[in-house]
Peer 1: 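Can you keep this structure in mind? I'll have questions shortly.
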Amino acid sequence: MRDTPQASELLAWYDRHARDMPWRVSPGQRRAGQRPDPYRVWLSEVMLQQTTVAAVRGYFHRFTLRWPTVADLAAAEDTQVMAEWAGLGYYARARNLLKCARAVMADHGGRFPDTRDGLLDLPGIGPYTAAAISAIAFDQPETVVDGNVERVMARLFDVATPLPTAKAELTHLAAGLTPRDRPGDYAQAVMDLGATICTPRNPACGICPWRTPCRARAAGTAPDLPRKLPKKPKPVRVGYAYVGRRTDGAWLLERRPDSGLLGGMLGWPGSTWSEVQPARNPPMLADWQMLPEEARHTFTHFHLRLKVLIADLPVDADPNAGHFVDRHAFRPSDLPTAMRKVFDLARDAFTTEGAGIGKDTGHG
DNA sequence: GACACGTGGTC
DNA sequence: TGACCAAGTGT
């Protein structure tokens, strides 16, 4: 099949407007025969899942500085990788990242498969990421379909069917445009178009390289596409979090189970989080003081309000939950954001207490 | 197909 | 302040 005029038009636009990203090889560099490092393409694609480019940049820089190759990453300690991922969210990605790196070393001789099907077998690599790595790193004519591509196709072909029902149709339409020439650049071009021109709100149709063929623009429906099924409301869950500080400055932390919310991450001991107030369950007997302010955080599917309790603990403390982390070994940046918010409140309280301010002395 | 799974930016 | 949104995958 011949490549479409739309594909050529978009590639011409990409040659002029490709965004600069540390994992990317520019169109000019590609012409000079340069290919991106599959390890960096894979790492960036996993980090970019449901995440913005701005949020990923710093993490990508730190990961590649610390683990320059897939062999380095495969040899890393789990806790080190989880700590480096802290704050980026969707922590199953980090756990699968390690599994994938180790599978590449153990089963593929340290090289990433270059086909979509080969990549699909690896942990954390689904239909989107398999197509993206295959296209971008190996220039295979695979069709990438992410949220950007769905939006661009829904508008280009004026598809009124709501997502996720429309997914199969949009994938088919996208496949019909994927060129045999420069599929890697093309994949990035459609996503760049969606990220910079064909945006969810206020699309810049006037400067779009596809403004002429775009049916939604002609129909005036572009800003309303793609349609989406209404979302469920988020319930509020509540719970307790206990921030204990030993006299020598060590903090009482706990490693969360590998599965489930914030799986594998460091956190504060505490209650379960539920829609009804759970029972208090301090990790040890102590003079726990509840802070006046709650830690608030919103996850994908619920709002969380945590009551924070703090206490000074003796040097011979023997808690029934968690373990002490030396004050020099503890970095708040190793915590997922919800837990870091708890720490921020507790740290302020410990500080004002030390200064003799705000402490409930029981005399007053 | 439905749901669990994070976070920070934007309006 | 709150709802929506972003380069999805696993179960």
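Heavy atoms only: backbone and side chains are in, while hydrogens, waters and symmetry mates are out. In the text below, chain A, chain B and the rest are named by the order of the sequence lines, each starting its count at 1.
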Peer 1: Over all strands shown, is A:Gly194 touching base, sugar-phosphate only, or nothing at heavy-atom distances under 4.0 angstrom?
Peer 2: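 Nothing, no nucleic acid heavy atom in range.
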Peer 1: Between which nucleotides of DNA chain B, 5' to 3', does chain A make heavy-atom contacts below 4.0 Å?
Peer 2: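 Range of nucleotides within reach of chain A: B:dC3 to B:dG8.
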Peer 1: Pick base, sugar-phosphate or nothing for A:Ser44, based on heavy-atom distances below 4.0 Å to the nucleic acid.
Peer 2: nothing
Peer 1: Considering non-hydrogen atoms only, spot the tightest contact between A:Asp318 and A:Met284 and give its length.
Peer 2: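 Closest heavy-atom pair between A:Asp318 and A:Met284: N-CE, 4.3 Å.
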Peer 1: Under 4.0 Å between any heavy atoms, over every strand shown, what does A:Met21 touch: base, sugar-phosphate, or nothing? Just pick one.
Peer 2: base
Peer 1: Send over the distance from A:His297 NE2 to C:dT1 C1', rounded to a whole Å.
Peer 2: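 Rounded to whole Å, this separation is 16 Å.
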Peer 1: Please report the shortest heavy-atom distance between A:Phe350 and A:Ala311, naming the atom on each side.
Peer 2: CZ-O, 3.7 Å
Peer 1: Within the 4.0 Å heavy-atom criterion, would you say A:Gly87 contacts the bases, only the backbone, or no part of the nucleic acid?
Peer 2: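 The answer is sugar-phosphate, as A:Gly87 gets under 4.0 Å only of primed atoms, P, OP1 or OP2.
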Peer 1: Kindly indicate whether a cation-pi arrangement holds for A:Arg62 with A:Tyr59, taking the cut-offs as under 6.0 Å to the six-membered ring centre and within 45° of the axis.
Peer 2: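 Yes.
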Peer 1: Got a list of protein N/O to nucleotides 3-6 of chain C N/O distances below 3.5 Å?
Peer 2:
from, atom 1, to, atom 2, distance (Å)
C:dC5, OP2, A:Lys231, NZ, 3.3
C:dA6, OP1, A:Arg151, NH1, 2.5

Peer 1: Just by distance, with hydrogens left out, do A:Thr51 and A:Arg93 show a side-chain donor and acceptor under 3.5 Å apart?
Peer 2: yes
Peer 1: What is the distance, rounded to the nearest whole Å, between atom CD of A:Glu150 and atom C1' of C:dG8?
Peer 2: 10 Å
Peer 1: With ring pair (Phe, Tyr, Trp, His ring centres under 6.0 Å) as the criterion, how do A:Phe63 and A:Tyr39 come out once you've worked through the C-alpha distance, each side chain's angles and the decisive distance to 0.1 Å?
Peer 2: CA-CA 11 Å; A:Phe63 265 72; A:Tyr39 168 66; 9.2 Å; no
Peer 1: Establish, yes or no, whether the cationic atom of A:Arg237 lies under 6.0 Å from the six-membered ring centre of A:Phe302 and within 45° of the ring axis.
Peer 2: yes
Peer 1: C:dG10 C1' sits how many Å from A:Gln49 CD, rounded?
Peer 2: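 These atoms are roughly 11 Å apart.
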Peer 1: Answer with base, sugar-phosphate or nothing: what part of the nucleic acid does A:Pro164 contact at a heavy-atom distance below 4.0 Å?
Peer 2: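 Touches nothing.
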Peer 1: Please determine if A:Arg40 forms a cation-pi arrangement with A:Phe60, meaning its NZ or CZ atom is less than 6.0 Å from the six-membered ring centre and no more than 45° off the ring axis.
Peer 2: no
Peer 1: For A:Ala338, which contact category applies under a 4.0 Å heavy-atom criterion: base, sugar-phosphate, or nothing?
Peer 2: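 Here A:Ala338 touches the backbone only, sparing every base.
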Peer 1: Do we see a donor-acceptor contact under 3.5 Å between the side chains of A:Gln140 and A:Arg116?
Peer 2: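 Note: A:Gln140 and A:Arg116 side chains miss the donor-acceptor criterion.
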Peer 1: Looking at A:Trp67, does the NZ or CZ of A:Arg102 lie under 6.0 angstrom from its six-membered ring centre and within 45 degrees of the ring axis?
Peer 2: no
Peer 1: Base, sugar-phosphate, or nothing for A:Thr337, non-hydrogen atoms under 4.0 angstrom?
Peer 2: sugar-phosphate
Peer 1: Using the P atom as the reference point in each nucleotide, state the distance between B:dG6 and C:dT11 in Å, no decimals.
Peer 2: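 Their P atoms lie roughly 14 Å apart.
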Peer 1: Would you indicate what A:Leu88 reaches in the nucleic acid, counting non-hydrogen atoms under 4.0 angstrom: base, sugar-phosphate, or nothing?
Peer 2: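 The residue A:Leu88 makes base contact.
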Peer 1: Could you pick out which residue, A:Thr165 or A:Arg340, lies toward the 5' side of DNA chain B when each is mapped onto its nearest nucleotide?
Peer 2: A:Thr165
Peer 1: Heavy atoms, side chains only, cut-off 4.5 Å: are A:Met191 and A:Val144 in contact?
Peer 2: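 Answer yes - side chains close enough.
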Peer 1: Compare every heavy atom of A:Glu254 with every heavy atom of A:Trp268, then report the nearest pair and how far apart it is.
Peer 2: O-OE2, 4.0 Å
Peer 1: Can you sort out which residues in residues 181-191 of chain A have a heavy atom within less than 4.0 Å of DNA chain C? Ascending by number, please.
Peer 2: A:Met191
Peer 1: Which part of the nucleic acid, if any, lies within reach of A:Val149 when heavy atoms closer than 4.0 Å are counted: base, sugar-phosphate only, or nothing?
Peer 2: nothing
Peer 1: Parallel, tilted or perpendicular: which fits the ring planes of A:Phe299 and A:Trp273, with parallel below 30° and perpendicular above 60°?
Peer 2: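 Rings of A:Phe299 and A:Trp273: parallel, as their planes differ by under 30°.
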